[in-house]
Amino acid sequence: QVDLVESGGGSVQTGGSLRLSCVRSGPTYKRNCMGWFRQTPGKEREVVATRTTSTGSTFYDSSVEGRFTISRDNAENTLYLDMTGLKPEDTGMYYCASGNAGDLGSCHPTLARFVNYGPGTQVTVSS
């Protein structure tokens, strides 16, 4: 069983920065994908960024590209999301996710299948 626990959320002003962390425990798989998703009330959960464990390849939603960075510390089995230049529209509950790569080992959100999610950490950006 894969367990994910996020931390690092909080309240910041526009332009601020936060680092989210996600500790993963449980079995590992060769075609593993990790990612960050977010959700605001009344909206569906949306992908923020994904990372292919085996290659380090990354995907970012266009709304965060250039401002957010997804990375992983393999020794600590921890996934990070460094967020800079935060905007009010970045407000939401952020979830760490783990899943399986799709065709050709891709963790692009249209191909990968994310099956495990953490309980989430709240990010609030005020103007």
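In what follows, every heavy atom counts, from backbone to side chain, and hydrogens, waters and symmetry copies are set aside.
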query = Taking atom types as modelled and ignoring hydrogens, do the side chains of N32 and S98 form a donor-acceptor contact shorter than 3.5 angstrom?
reply = yes

ask   = Under 4.5 Å between side-chain heavy atoms, hopping through other hydrophobics if needed: is there a path connecting Y80 to L20?
value = no

key: Same apolar cluster: V23 and L4, side chain cutoff 4.5 Å   = no

request  = Tell me who clusters with F37, hydrophobic residues only, linked when side chains sit under 4.5 Å apart either directly or through other members.
outcome  = V47, F59, M93, Y95, F114, Y117

task = Scan for disulfide (SG to SG under 2.5 Å) pairs involving residues 34-96, sequence neighbours excluded, and state none if there are none.
result = C22-C96

Does a side-chain heavy-atom distance below 4.5 Å link [X] with [Y]?
X: W36; Y: E6; result: yes
X: M83; Y: V48; result: no
X: T50; Y: C33; result: no

Distance in Å, [X] [atom1] paired with [Y] [atom2], rounded so as to fall on 0.5 Å steps:
X: S71; Y: L81; atom1: OG; atom2: CG; result: 8.5 Å
X: N77; Y: R72; atom1: CG; atom2: CZ; result: 5.0 Å
X: T28; Y: N74; atom1: OG1; atom2: CG; result: 10.5 Å

query = Under 3.5 Å, side chain of T91 to main-chain N/O of V125, donor-acceptor pair present?
reply = yes

message = By the salt bridge (charged side-chain N to carboxylate O under 4.0 Å, His left out) test, which pairs, at least two apart or in different chains, include something from residues 15-32?
response = R19-D82

inquiry  = Please list all pairs meeting salt bridge (charged side-chain N to carboxylate O under 4.0 Å, His left out) that have one or both residues in residues 44-59, counting only residues at least two apart or in different chains.
reply    = R38-E46

request  = Please report the closest heavy-atom contact between D90 and R67, naming both atoms and the distance.
outcome  = OD2-NH1, 2.8 Å

key: Over all atoms of both residues, closest heavy-atom pair of V5 and P119   = CA-CD, 4.5 Å

Under 3.5 Å, side-chain donor or acceptor atoms of residues 7-16 against the rest of the protein: list the pairs with distances, not counting sequence neighbours.
{"unit_1": "T14", "atom_1": "OG1", "unit_2": "S126", "atom_2": "O", "d": "3.0"}

query = Among all residues two or more places apart in sequence or in another chain, which pass the salt bridge (charged side-chain N to carboxylate O under 4.0 Å, His left out) test with E65?
reply = none

